[in-house]
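Data first, discussion second: the structure below is written as structure tokens.
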Protein chains: 2
Amino acid sequence: MAITIKDIANRAGISAASVSRILTNRGRFSAATAQRVRQLAEEMGYYKNQSAADLSQKASRVIGVLVPTTHTNFADEIIKGMQRQAFELGFELLIVFLEDDVQHQIKTVKSLLSRQLLAVVMLAVDLETAVFDVLTAADTHLLSISNQLNNGIPSISSDNYAMMHTIVDYLYDQGHRQVALIGAADPDSVVATLRRQGFIDALAKHGIRYNPALIWGIDNAYKTGLETIQNFGVPLPFTAVIGSADIVGIGILNAAKDAGVAVPDDLSIITVDGTNLTQITRPRLTAVQQDFAQMGELAITTIANQTLSPNTIIFTDVEMRPGDTVASL
Amino acid sequence: MAITIKDIANRAGISAASVSRILTNRGRFSAATAQRVRQLAEEMGYYKNQSAADLSQKASRVIGVLVPTTHTNFADEIIKGMQRQAFELGFELLIVFLEDDVQHQIKTVKSLLSRQLLAVVMLAVDLETAVFDVLTAADTHLLSISNQLNNGIPSISSDNYAMMHTIVDYLYDQGHRQVALIGAADPDSVVATLRRQGFIDALAKHGIRYNPALIWGIDNAYKTGLETIQNFGVPLPFTAVIGSADIVGIGILNAAKDAGVAVPDDLSIITVDGTNLTQITRPRLTAVQQDFAQMGELAITTIANQTLSPNTIIFTDVEMRPGDTVASL
DNA sequence: GGATTTTGAGTAAACGTTTACGCACTTCGT
DNA sequence: ACGAAGTGCGTAAACGTTTACTCAAAATCC
């Protein structure tokens, strides 16, 4: 069995309490014994039993993270950011992937909650009400990343409304007047709604009347992108298209190739996300890059600072990443 | 503060021990009280304090998972598989991403070890000796997935040697006689070595003398693929190329496009991994698909069954996935 | 119906750590 | 040199759960 604080205490000829004080760097102890104890701990290969510590101090340092299985390829970026900051501040992440089945989700969340959690972070997930209720019933802090909710849960994400202005402005400057938005048509999604509104308002700002037909595609999935060309038919009723995720853009790119539509000469593509997927296509995708690592870091910092009030929204940076898929008209 | 077993006991008019027995479904209790207790637990919103439970039963149900940050895009597949099986069997996964800095890695691993871990699973990582020593010093079980080690650590992976036979046979059947292997030239990597050996032996089997120049590229990275064409020069000294990972194949595909080499007419490409990346290229990549989810599930099963003896190697399935990047000569 | 087994449930100790409290001893100020 | 303040450390309780041990009551057997 493992080495405990008592083993160290015995060897050092002092009480377990003293060892604990030294190892946690709390309370009073002499530098001399501290030195000796730390040395012994190292030598004997001591590892704190975190469960015992958690039990003793009622507060835990574990943060639960809910990740959707429908793999968004930026989730790892966010997780990396969280992990980095969590490590820095001495927190632990309990990452859990959510299957699609609701009953399964409920069971998963419940088992997650049996850890005394500091907070639960939802990564770009839209939870069913049933699952959501389980979470809110438990009195743990909640935080949503990369997805704004309309129920008061604080969130961290890009400014989806402003982001669409950035994109539309860019396209307008390049001479584009007919622009389509693909993958943000879901009326129930807060993020999609913000994007649509930003899209429409930005066009209006430039005196362009918004054409409802040019907002299409519920999912921001590869399949949505693939079906885009076929849906509108060639010749396309727009010169540029905005993909609501990199993977949507790749779908459009491939569909264009299949249909003999030249990118960017016949069609310009710009996507939202800017993950490294944009670098491995030919031509390279032009994108607005979201700072996912920053979202992750901010999430942990926010939790650590206890600055989680309902309805708070924190916006992270966004940057234009020109690639080779936007033509100047 | 949270509801405890005692609160339930009080309300039910029985002792905490009985409640525990009922909730863990161990020992003796009557169906009637069980019913009542479970009902109360539900009503009162009880969540087991897992820390206390872990402390009480010395054995923990937490499995540590080490994941490299240099993102291999199949890691999530493996994790998903692990998660699914872990949930099934009542285990928990503590997933930790490893930064590149060794000192940082050591600290990370140490903090991981302060949880009483059932086992530590390494996901396709090659650890520095220093980090490795920390792991072996702690008396926890170790298991390596998707990467064979030469130090006795049991592992789960595809049969890399046999896999190269599968690939070479396939290419040979399509008429290819000059074949290159890209991204497996690292002499220190056990996996790369197995692949090289399989490659060479498979060629020999068909009476083809192995040309050392055609094994090139240390990393299985995008960059390696990108530089391949330039490295060999056009016309290429081979008709088919094996990418040691999908991402390498994509690099080769893009470089070929840039160099005016037609795929598959002038060059056939086949990759190892078969992740969904192969579906989003044009043409679609032909690949041998590894069953990553299976690796993950098996890892957990193996740990659960305690069948972890040193030097054990478990092979998972591999399947040929024809795409559009291999031509028949 | 008496002896024996089975059942349901309580008691108490244990897991390893933290921490409030208290005590003896040292240091310091005057 | 005497009281006050400070320092180092030990004692013991607490955190919530599990489990070996008991024991009384109920069920079973012949």
Side-chain angles (χ1 to χ4, degrees), chain A residues 1-38 40-41 44-62 90 92 111 113-118 138-139, chain B residues 1-38 40-41 44-62 90 92 111 113-118 138-139:
Chain A
M1 64 258 104
I3 310 289
T4 75
I5 228 177
K6 263 185 202 154
D7 299 328
I8 299 181
N10 286 339
R11 279 273 288 270
I14 56 177
S15 76
S18 296
V19 176
S20 173
R21 275 189 293 259
I22 290 167
L23 261 23
T24 56
N25 217 0
R26 265 186 280 258
R28 300 189 297 228
F29 50 83
S30 77
T33 36
Q35 156 79 24
R36 195 152 42 94
V37 164
R38 281 195 252 265
L40 272 173
M44 303 170 68
Y46 168 76
Y47 284 103
K48 176 201 300 205
N49 182 325
Q50 193 63 49
S51 293
D54 280 356
L55 181 58
S56 185
Q57 339 172 91
K58 337 256 282 195
S60 119
R61 310 204 55 100
V62 180
E92 260 174 74
S111 97
L113 287 170
S114 75
R115 294 278 166 189
Q116 262 42 36
L117 296 176
L118 192 55
D139 59 346
Chain B
M1 69 251 114
I3 310 291
T4 76
I5 228 176
K6 262 184 204 157
D7 299 327
I8 298 181
N10 287 341
R11 280 274 287 269
I14 57 176
S15 76
S18 296
V19 176
S20 173
R21 275 190 293 260
I22 289 166
L23 260 24
T24 57
N25 215 1
R26 264 186 282 258
R28 298 191 296 229
F29 50 83
S30 77
T33 36
Q35 156 80 24
R36 193 153 43 94
V37 164
R38 281 196 251 269
L40 272 173
M44 302 171 69
Y46 168 77
Y47 286 104
K48 176 202 299 205
N49 182 326
Q50 194 63 48
S51 294
D54 281 355
L55 180 58
S56 184
Q57 338 172 91
K58 338 255 286 195
S60 118
R61 310 204 55 99
V62 179
E92 259 175 75
S111 98
L113 288 170
S114 76
R115 293 278 166 187
Q116 262 43 38
L117 297 176
L118 193 55
D139 59 345

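Chain A is the first sequence line, chain B the second, and so forth, proteins listed ahead of strands; every chain is numbered from 1. All figures in this text were calculated on a predicted structure; none of them were measured in a lab.
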Heavy atoms under 4.0 Å, any strand shown: does B/Thr24 hit a base, just sugar-phosphate, or nothing? sugar-phosphate
Without swapping roles, check the side chain of B/Asp7 against the backbone of B/Thr4 for a donor-acceptor pair under 3.5 Å. yes
Rounded to whole Å, the CE-C1' distance (B/Met44 to D/dG16) equals 14 Å
So does B/Gly90 get a backbone contact from the side chain of B/Arg61, meaning a donor-acceptor N/O pair under 3.5 Å? yes
Looking at A/Thr4, I'd like to know whether one of its side-chain N or O atoms comes within less than 4.0 Å of OP1 or OP2 on C/dG16. no
In whole Å, I'd like the distance from the CG atom of A/Leu23 to the P atom of C/dT19. 13 Å
Whole-Å distance, A/Ile5 CD1 to D/dC9 C1', equals 14 Å
For the pair made of CG in B/Leu55 and C1' in C/dT17, what is the distance, rounded to whole Å? 8 Å
Rounding to an integer number of Å, can you tell me how far B/Lys6 NZ sits from D/dT17 P? 9 Å
Is the backbone of A/Ala16 close enough, under 3.5 Å, to the side chain of A/Ser20 for a donor and an acceptor to pair up by distance? no
For a quick test of reading the model: is some side-chain N or O of A/Lys48 closer than 4.0 Å to OP1 or OP2 of C/dT18? yes
Do B/Thr33 and B/Arg36 meet the criterion of a side-chain donor-acceptor pair at a distance under 3.5 Å? no
Taking CG from A/Asp54 and P from D/dG16, how many angstroms apart are they, rounded to a whole number? 13 Å
Side chain of A/Ser20, base of C/dT18: donor and acceptor closer than 3.5 Å? no
Phosphate OP1/OP2 of C/dT17: any A/Tyr47 side-chain N/O under 4.0 Å: no
Would you tabulate the pairs of protein nitrogen or oxygen atoms and nucleotide nitrogen or oxygen atoms of nucleotides 7-10 of chain C closer than 3.5 angstrom?
from   : atom 1 : to      : atom 2 : distance (Å)
C/dG8  : N7     : B/Arg28 : NE     : 3.1
C/dG8  : O6     : B/Arg28 : NH2    : 2.7
C/dA9  : OP2    : B/Ser30 : N      : 3.2
C/dA9  : OP2    : B/Thr33 : OG1    : 3.0
C/dG10 : OP2    : B/Ser15 : N      : 2.6
C/dG10 : OP2    : B/Ser15 : OG     : 2.8
C/dG10 : OP2    : B/Ser18 : OG     : 2.9
C/dG10 : N7     : B/Arg21 : NH2    : 2.9
C/dG10 : O6     : B/Arg21 : NH1    : 3.0

